[in-house]
Enquirer: 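Sending over a structure as structure tokens; questions will come in a sec.
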Amino acid sequence: MSVRKAVIPAAGYGTRFLPATKAVPKEMLPIVDRPTIEYIVAECARAGLDDVLVVTASGKAAIEDHFDRSLELEAALEAKGKQAALAMVRDLATLATVHAVRQGEQLGLGHAVLQAAAHVGDHSFAVLLGDDIVDPDDDLLERMVAAHEATGRAVVALMEVADDDVDKYGIAQVGERADDGSVSITGLVEKPDPADAPSNYAVIGRYVLPGSIFDVLRSTAPGAGGEIQLTDALEALAADEPIVGIVLEGIRHDAGDKLGFLEATIDFALRRDDLGPRLAEHLRDLVATRLA
Ligand code: UTP
């Protein structure tokens, strides 16, 4: 039951970010100076998941190149004496072992996860959506892996959302919240009307799943939007035995959404010693002049 592998579905079209994503994968759009997906691979590495499979698609080879060595660039940096840049570029290739598999046709998130079956085998594994960024100081993924290793059950990350926002997410039907912050999930409802929502706990892009999910996915019929939905497979799992929800208390950004991406950029830039103080000053000036 020990979890070593992570799967990052990153084959989507990123239509919310067109035209930027016409030729550049949305996972490669930089938050400050690192592509979005690098934050996610770093999160895997922090949680001890050093074998990462990215599910990509045609036109997304830049993702693989980013995590590969680039001997030509390294030689050029060495020749110019740019040691700090050289170390940064080399470190990238050692963050985790990054593999890639293609999803030939974008038939949905569940179908993307299914492309990982041969790589993952029967083992339990984590799934991290390629555009969902969790605060690097948060140990959400570690807590999820620990919960899976203790129970053997599927684990999903949850976030409490406002009543008005429940219709944007998959919402969990939950039991009591335990002392360790986990809840038992007995059902999931995709984008419910606020009046019908079973709770305010929204499923966000982190999952730890048993290898048996692949068989469930193989028999999952296309659902919303004609796509094979991971949520439908999870619902089938939850019908057999409750799945575990781990509640995120800290910050998470939906970097696949324009506003979420801007918020993530400002958040991460403000944390940086080299950029934060001057950016804060600029933001204060902007607010004073534009919003006065
Ligand atoms: P999203 O719906 O957020 O991503 O899917 P998208 O389709 O790329 O973006 P928009 O909505 O058109 O702007 C959630 C995650 O599932 C992956 C996406 O790459 C994203 O990480 N996904 C989705 C796949 O890998 N394959 C699919 O067929 C669908």
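Since the model is a prediction, treat every value here as computed from it, not as a measurement. Whatever order the structure lists ligands and atoms in, that order sets their numbers, starting from 1. By convention here, the first residue in the shown sequence is residue 1.
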Enquirer: Starting from atom 8 (O) of ligand 1, what is the nearest protein heavy atom, named by residue and atom, and what distance separates them?
Expert: G14 N, 2.9 Å
Enquirer: Measure the shortest side-chain to side-chain distance between D51 and F125 over non-hydrogen atoms and say whether it is less than 4.5 angstrom.
Expert: no
Enquirer: Heavy-atom distance under 4.5 Å between the side chains of Q106 and H111, does that happen here?
Expert: no
Enquirer: Has ligand 1 got any nitrogen or oxygen that is less than 3.5 angstrom from a nitrogen or oxygen of A112?
Expert: no
Enquirer: Using the rule that Ile, Leu, Val, Met, Phe, Trp and Tyr join whenever any side-chain heavy atoms are under 4.5 Å apart, tell me whether V244 and M144 fall into a single cluster.
Expert: yes
Enquirer: Is the closest N or O pair between V55 and ligand 1 shorter than 3.5 Å?
Expert: no
Enquirer: Under 4.0 Å from any heavy atom of G130, which atoms of ligand 1 are there?
Expert: 21 (O)
Enquirer: Where is the nearest protein heavy atom to atom 21 (O) of ligand 1: which residue, which atom, and how far?
Expert: P9 O, 2.9 Å
Enquirer: Compare all side-chain heavy atoms of R16 with those of K26 and state whether any distance is below 4.5 angstrom.
Expert: yes
Enquirer: Can you find an N or O of L109 that's nearer than 3.5 Å to an N or O of ligand 1?
Expert: no
Enquirer: Answer yes or no: is there a side-chain heavy-atom contact under 4.5 Å between V183 and L158?
Expert: yes
Enquirer: Measure the NZ-CG distance between K80 and L86 for me, rounded to the nearest 0.5 Å.
Expert: 13.0 Å
Enquirer: With heavy atoms of K26 as the reference, note each atom of ligand 1 found under 4.0 Å away.
Expert: 3 (O), 4 (O), 6 (P), 8 (O), 9 (O)
Enquirer: Looking only at distance, does R16 have an N or O less than 3.5 Å from an N or O of ligand 1?
Expert: yes
Enquirer: Could you tell me if the side chain of E43 sits less than 4.5 Å from the side chain of L49, heavy atoms only?
Expert: no
Enquirer: Would you say ligand 1 has an N or O under 3.5 Å from any N or O of G256?
Expert: no
Enquirer: Which protein heavy atom lies closest to atom 14 (C) of ligand 1, and at what distance to 0.1 Å?
Expert: L129 CD1, 4.0 Å
Enquirer: Do R177 and Y201 have side chains that get closer than 4.5 Å, going by heavy atoms?
Expert: yes
Enquirer: Give me the nearest non-hydrogen protein atom to atom 25 (O) of ligand 1 as residue plus atom name, then the distance to 0.1 Å.
Expert: A11 N, 2.9 Å
Enquirer: Considering only protein heavy atoms, which is closest to atom 12 (O) of ligand 1, and at what distance to one decimal place?
Expert: T15 OG1, 2.5 Å
Enquirer: If I apply the N/O under 3.5 Å rule, does F17 come out as touching ligand 1?
Expert: no
Enquirer: What is the ring orientation for H119 with H99, classed by angle as parallel under 30°, tilted 30 to 60°, or perpendicular over 60°?
Expert: tilted
Enquirer: Is E227 close to ligand 1, meaning an N/O of one under 3.5 Å from an N/O of the other?
Expert: no
Enquirer: Quick check: do F268 and H253 have side-chain heavy atoms less than 4.5 Å from each other?
Expert: yes
Enquirer: Hydrophobic cluster membership, with links at side-chain heavy-atom distances under 4.5 Å among I/L/V/M/F/W/Y: are L248 and V174 in one?
Expert: no
Enquirer: Enumerate the atoms of ligand 1 whose separation from the nearest heavy atom of G108 is less than 4.0 angstrom.
Expert: 26 (N), 27 (C), 28 (O), 29 (C)
Enquirer: Pull out every atom of ligand 1 sitting under 4.0 Å from any heavy atom of D131, numbered as shown with elements.
Expert: 3 (O), 21 (O)
Enquirer: Which part of Q103 is near ligand 1, with near meaning a heavy atom under 4.0 Å away: side chain, backbone, both or neither?
Expert: side chain
Enquirer: Using a 4.0 Å cut-off to any heavy atom of E27, which atoms of ligand 1 qualify?
Expert: 19 (O)
Enquirer: Tell me which protein heavy atom sits closest to atom 19 (O) of ligand 1, plus the residue, atom name and distance to 0.1 Å.
Expert: G12 N, 2.9 Å
Enquirer: Once you round to the nearest 0.5 Å, how far does CG of D131 lie from CD1 of I8?
Expert: 11.0 Å
Enquirer: Which atoms of ligand 1 sit under 4.0 Å from any heavy atom of Q106?
Expert: 28 (O)
